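Okay, structure first, notes after.
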Amino acid sequence: MRTEFSSQGPSAWRTRAEIITDPAELIELLGLETSLIPAARRAAELFGFRVTRSFASRMRRGDPQDPLLRQVLPVTAETLDGPAEFVSDPVGDLESRAAPGVLNKYRGRALMVVTGACGTHCRYCFRRHFPYRHEIRPGTAAALSYLRENTGIGEIILSGGDPLTLSDRRLSGLVSELESIPHIKRLRLHTRQPVFEPARVNDSLLAWISSTGLRALVVIHANHPNEIDGDVADAMGRLHSTGAVLLNQSVLLRGVNDDTETLVRLSERLFEAGVMPYYLHVLDRVQGAAHFLVPDSSARTLHRRLRASLPGYLVPRLAREDPGKASKTLLV
């Protein structure tokens, strides 16, 4: 049974049958050693486990080092004390809180945290410790009031969690509110859901993106070329048909995509699907993710090799988000 998405109700999910919430099920599904299960369950107590069956179907059976599996399987390293620079809020989200659910870090744009839900929990998530309940529960009234009062804000980023875990009715209603604010001109959706569950790119989603009066951008998050199978590429094509600009941001992850060949194939696969490479982020130093770190020196070397292997328009910007800075920090 495939997941169905509804434009009605408080959640975009009509059924949870396509979500795996016990790491033991994923381990057994992939034919991996069951000795991995105890550590995975212990780590999942600190940061919950969930993965779509669609995403799991692209993992290699019997390979505990599969790059897609490594992104989602909880491991013992998450439970250990990491270096002191790995903290709960590595990008200064809470310092930039301007209203409930609104982060205002950069001039001219603001980010709305519209949900704490994601289709799949990435183990390197920089918001794995974010206090979603306290930020989202107050509702959107205070957030919209802040945005109306601050006329210098011309662009809104919908983030979370993943905004596409919400229903299209809720999303289109929120976008209608944003459209009524004269100084807001652009809408950015940051989402990994078309990668995790390409069926989410349905007719109702395409309809409200196509009809919005705001200039729409969809920022996808894909880290490895194996994430982009035929169904995902088709979903990107449907999103492209709305007239939205499609960009991709990746995170450089040890053991996942920290080699030139993988990053070259990722950029080429994205472009074939109608998505432009945008950012290659070095890891945000969040508690529980130190095992994914690629040193800056290695990241710079990889980026130099990318520039030598690809035309300039396919080379993402190598960047880091530093708390309190006026923009991303480019590393090259």
Side-chain angles (χ1 to χ4, degrees), residues 1-5 12-13 18-20 29-30 51-61 63 66-72 118-120 122 158-159 162-165 168 171 187-210 216-253 256-257 259-281 306 309-317:
M1 180 172 61
R2 290 189 63 81
T3 303
E4 295 182 59
F5 291 90
W13 299 101
E18 291 298 317
I19 299 291
I20 300 170
L29 181 69
L30 295 176
V51 62
T52 63
R53 291 187 186 275
S54 174
F55 195 68
S57 72
R58 292 166 241 159
M59 299 174 187
R60 294 190 293 260
R61 281 187 54 83
D63 183 2
D66 175 80
L68 276 60
L69 175 67
R70 283 180 59 85
Q71 295 179 61
V72 303
C118 285
T120 293
C122 300
L158 299 187
S159 183
D162 193 312
L164 292 192
T165 59
D168 289 312
L171 287 169
L187 174 72
R188 225 197 296 176
L189 285 169
H190 280 218
T191 179
R192 195 142 155 72
Q193 201 64 1
V195 173
F196 289 145
E197 182 48 76
R200 176 61 183 93
V201 183
N202 57 15
D203 290 345
S204 58
L205 173 65
L206 299 175
W208 71 256
I209 293 178
S210 297
L217 302 91
V218 181
V219 181
I220 305 296
H221 178 175
N223 293 321
H224 194 281
N226 292 359
E227 298 177 27
I228 308 171
D229 65 359
D231 288 342
V232 173
D234 288 345
M236 302 305 180
R238 293 195 297 275
L239 282 170
H240 195 270
S241 72
T242 66
V245 175
L246 302 188
L247 305 172
N248 184 73
Q249 57 181 9
S250 304
V251 179
L252 186 58
L253 301 167
V256 173
N257 59 7
D259 66 274
T260 307
E261 180 185 355
T262 295
L263 293 174
V264 167
R265 288 196 295 119
L266 175 60
S267 282
E268 291 177 338
R269 190 73 183 100
L270 287 166
F271 187 69
E272 290 169 1
V275 184
M276 294 300 297
Y278 177 37
Y279 275 127
L280 175 61
H281 289 280
L306 270 185
S309 303
L310 290 167
Y313 60 88
L314 290 186
V315 180
R317 304 172 202 174

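Heavy atoms only: backbone and side chains are in, while hydrogens, waters and symmetry mates are out. Fair warning: this is a prediction, and the values are worked out from it, not measured in the lab.
Checked against side-chain contact (heavy atoms from CB on, under 4.5 Å), Ser309 has the following partners two or more places apart in sequence or in another chain: Thr260, Val264. Residues that satisfy the side-chain contact (heavy atoms from CB on, under 4.5 Å) test with Asp259, not counting sequence neighbours, are Glu261, Thr262.
A heavy-atom distance below 4.5 Å is found between the side chains of Ile220 and Pro194. In this structure, the side chains of Ile19 and Arg53 stay at 4.5 Å or more apart for every pair of heavy atoms. Between Val218 and Val245 there is no side-chain heavy-atom pair separated by less than 4.5 Å. Put simply, the side chain of Ile209 reaches to within 4.5 Å of the side chain of Leu189, judged on heavy atoms. In this structure the side chain of Leu30 reaches within 4.5 angstrom of the side chain of Leu69, judged on heavy atoms. Side-chain contact between Val51 and Met59 is present, with at least one heavy-atom pair separated by less than 4.5 Å. Taking 4.5 Å as the limit, some side-chain heavy atom of His281 sits within range of a side-chain heavy atom of Gln249.
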| message | side chain to side chain contact (heavy atoms under 4.5 Å, CB included), that's the test. Do Leu158 and Leu187 meet it? Break it down for me. | response | CA-CA 8 Å; Leu158 299 187; Leu187 174 72; 3.8 Å; yes

| request: Could you please spell out the steps behind the side chain to side chain contact (heavy atoms under 4.5 Å, CB included) verdict for Asn257 and Leu252? | output: CA-CA 6 Å; Asn257 59 7; Leu252 186 58; 3.6 Å; yes

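The distance from the CG atom of Leu205 to the CD atom of Gln193 is 10.5 Å, given to the nearest 0.5 Å. The CG atom of Leu171 sits 6.5 Å away from atom CG of Leu164, with the distance rounded to the nearest 0.5 Å. Between the CD atom in Glu268 and the CD1 atom in Ile228 there is a gap of 11.5 Å [rounded to 0.5 Å]. Rounded to the nearest 0.5 angstrom, Leu310 CG and Arg265 CZ are separated by 12.5 Å. Atom-to-atom distance recorded for Leu266:CG and Ser250:OG is 4.5 Å, nearest 0.5 angstrom.
Looking only at distances, a side-chain donor or acceptor of Thr120 sits under 3.5 Å from a matching main-chain atom of Thr52.
Defined by atom type and a distance below 3.5 Å, a donor-acceptor pair is present between the side-chain atoms of Ser54 and Arg58.
Nearest heavy atoms, Val201 versus Leu206: CG1-CD2, 3.7 Å. Residue Leu314 comes nearest to Ser267 through the heavy atom pair O-OG, 2.8 Å, listed as atom of the first residue, atom of the second, then distance. Here the shortest heavy-atom pairing between Asn223 and Gln71 reads ND2-OE1, 2.9 Å. Nearest heavy-atom pair across Ala56 and Ile20 is CB-CD1, 4.4 Å. Shortest non-hydrogen contact noted between Pro67 and Asn226 is CG-ND2, 4.4 Å. Glu227 and Val195 make their closest contact through OE1-CG1, 3.5 Å (heavy atoms, listed as atom of the first residue, atom of the second, distance).
For the pair Arg192 and Glu197, the salt-bridge criterion is not met [side-chain N within less than 4.0 Å of a carboxylate O].
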Donor-acceptor list for residues 270-279 side chains, cut-off 3.5 Å, not counting sequence neighbours:
residue: Glu272; atom: OE1; partner: Arg269; partner atom: NH1; Å: 3.3

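Among Asp168, Asp231, Asp162, the one residue that satisfies the salt bridge (charged side-chain N to carboxylate O under 4.0 Å, His left out) test with Arg200 is Asp168. Partner Phe55 forms a side chain to side chain contact (heavy atoms under 4.5 Å, CB included) with one of Val232, Asp229, Leu68 and no other, that one being Leu68.
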